Amino acid sequence: MIQIKKIIFQYFRKFVVIGPFVLLFATLPLKDLNSVSIPKENWNLVMYGGIFTTTDLIPIVFRQKTDYKESYIGSLGISRPFDYRIRWFDFLWEGNVTKHFGEMNHWEVNGFYIVKIDRMYGSPFSLSLGEGLSLASENPKLENKAKGYYLDGLQKDAIESRALLNYMMVEFSSYLPFERKTEIFLRVHHRSGIFGLYCPPDPNCGSNFVSYGFRTVF
């Protein structure tokens, strides 16, 4: 049984590694995919701030459950759409520089690919998912945890993070009614070890920041 779990875990790790590349090449504007070319728009300025939560990504997104700590981020970035669309999916890239303050005090840079469902059902609302890499200037303090007893319970195994981790973001946004080129958004800023790919698994390393910001064309 243990051997079967190891085999499954190895195949899962391989999928996580090649998955983003498969997504990238699968969404390129090849003729047999019936992609629709769209004109490139201007660059976008992206600004947002967030607060650290010890809650995992899935409970945040699906149950809106959070447990905050006094650690914050301020992020400034740029994004730009690619010149193609496939059905209702738009594709963009984004790069940002993030400053941590509060319980952590380091810098972070993130670069990632975004799949976006823009203006869902003709509404001003959009849903986006981003996937890429995150590099911190040091091993983030709150992404590590030693074994021992804490106020939130027993930590049986130490959590060991790394400066370089996977980056993922989930975002819900809305265009302003009086300015169709500006969006406000709620974003989960997520760093992850991906079940042992970047750091020791079980328990997995990473962090989440519930963030609010805006994006505008310039």
Side-chain angles (χ1 to χ4, degrees), residues 43-80 92-114 116 125-146 148 150-153 155 158-176 182-194 198-199 203-218:
W43 295 82
N44 296 295
L45 174 68
V46 184
M47 295 183 67
Y48 63 91
I51 182 171
F52 181 91
T53 173
T54 57
T55 311
D56 291 335
L57 178 64
I58 291 178
I60 294 174
V61 174
F62 293 101
R63 289 186 282 169
Q64 293 78 54
K65 176 184 176 182
T66 54
D67 184 12
Y68 296 117
K69 282 197 171 184
E70 293 184 358
S71 185
Y72 309 92
I73 58 171
S75 187
L76 177 65
I78 56 173
S79 70
R80 186 176 174 86
L92 310 87
W93 63 263
E94 180 177 322
N96 65 54
V97 177
T98 299
K99 181 66 174 74
H100 290 253
F101 52 98
E103 291 193 34
M104 296 191 288
N105 187 28
H106 63 275
W107 291 87
E108 177 186 318
V109 291
N110 307 290
F112 48 100
Y113 186 77
I114 301 172
K116 181 178 183 180
F125 305 113
S126 304
L127 185 65
S128 303
L129 179 66
E131 173 66 31
L133 290 174
S134 176
L135 179 63
S137 59
E138 62 183 45
N139 192 335
K141 171 185 173 183
L142 294 181
E143 291 181 359
N144 295 269
K145 195 172 185 179
Y150 296 87
L151 293 177
D152 56 354
Q155 183 68 40
I159 300 176
E160 301 176 15
S161 190
R162 300 288 186 272
L164 178 65
L165 292 183
N166 176 260
Y167 179 84
M168 183 178 179
M169 74 87 172
V170 180
E171 178 186 288
F172 179 77
S173 61
S174 175
Y175 288 92
L176 296 179
T182 299
E183 295 175 87
I184 55 174
F185 60 77
L186 166 64
R187 172 183 293 190
V188 180
H189 176 107
H190 176 65
R191 277 170 46 91
S192 173
I194 315 186
Y198 291 89
C199 58
N204 192 34
C205 67
S207 60
N208 294 298
F209 286 81
V210 177
S211 308
Y212 303 88
F214 73 92
R215 176 174 41 251
T216 188
V217 174
F218 70 91

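Owing to the predicted nature of the structure, the values given are computational and were not obtained by experimental measurement.
- Residues Y198 and R162 share a closest heavy-atom pair of O-CG, 3.1 Å.
- Atom CG in N208 sits 9.5 Å away from atom CD in E143 (nearest 0.5 Å).
- Listed by first and then second residue, the salt bridge (charged side-chain N to carboxylate O under 4.0 Å, His left out) pairs that reach into residues 70-79 come to none, sequence neighbours excluded.
- Residues K116 and S126 share a closest heavy-atom pair of CE-CB, 3.6 Å.
- Rounding to the nearest 0.5 angstrom, the gap separating the CG atom in N44 from the CH2 atom in W93 is 9.5 Å.
- The OG atom of S79 lies 6.0 Å from the CG atom of L92; values are rounded to the nearest 0.5 Å.
- The line from OG1 of T53 to NE2 of H190 is 12.0 Å long, rounded to the nearest 0.5 Å.
- Taken to the nearest 0.5 Å, the CD1 atom of I194 stands 9.5 Å off from the SG atom of C205.
- Taking 4.5 Å as the limit, every side-chain heavy atom of L186 sits out of range of all side-chain heavy atoms of Y48.
- When the side chain to side chain donor-acceptor pair (under 3.5 Å) test is applied to S192, no partner is found at least two apart in sequence or on another chain.
- Closest heavy-atom contact between H106 and A136: CD2-CB, 3.9 Å.
- Residues I73 and F101 approach most closely at C-CE2, 3.8 Å, considering heavy atoms.
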Under 3.5 Å, which donor-acceptor pairs do the side chains of residues 210-218 form with other protein atoms, sequence neighbours left out?
unit_1: S211; atom_1: OG; unit_2: F209; atom_2: O; d: 3.3
unit_1: R215; atom_1: NE; unit_2: E183; atom_2: OE2; d: 3.1
unit_1: R215; atom_1: NH1; unit_2: E171; atom_2: OE1; d: 3.4
unit_1: R215; atom_1: NH1; unit_2: E171; atom_2: OE2; d: 3.4
unit_1: R215; atom_1: NH2; unit_2: E171; atom_2: OE2; d: 2.6
unit_1: R215; atom_1: NH2; unit_2: E183; atom_2: OE2; d: 3.4
unit_1: T216; atom_1: OG1; unit_2: T182; atom_2: OG1; d: 2.8

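- Every residue two or more places apart in sequence or in another chain that forms a side chain to side chain donor-acceptor pair (under 3.5 Å) with S134 is listed here: E108, N110, R191.
- K141 NZ: 12 or fewer foreign heavy atoms inside a 6.0 Å radius.
- Between F52 and S207, the closest side-chain pair of non-hydrogen atoms falls below 4.5 Å.
- Look at E94 and R187 and you find a salt bridge, because one of the NZ, NE, NH1 or NH2 atoms lies within 4.0 Å of a carboxylate O, short of that distance.
- With sequence neighbours excluded, the residues forming a side-chain contact (heavy atoms from CB on, under 4.5 Å) with N139 are N144, S161, listed by chain and number.
- The CZ atom of R80 lies 5.5 Å from the CH2 atom of W43; values are rounded to the nearest 0.5 Å.
- By the 4.5 Å heavy-atom criterion applied to side chains, V97 and L76 are not counted as neighbours.
- The side chain to side chain donor-acceptor pair (under 3.5 Å) search around S128 returns none, not counting sequence neighbours.
- Pairing each heavy atom of M169 with each of Y167, the nearest pair is CB-OH, 3.6 Å.
- Considering all non-hydrogen atoms of both residues, L129 and M168 come closest at CD1-CE, 3.2 Å.
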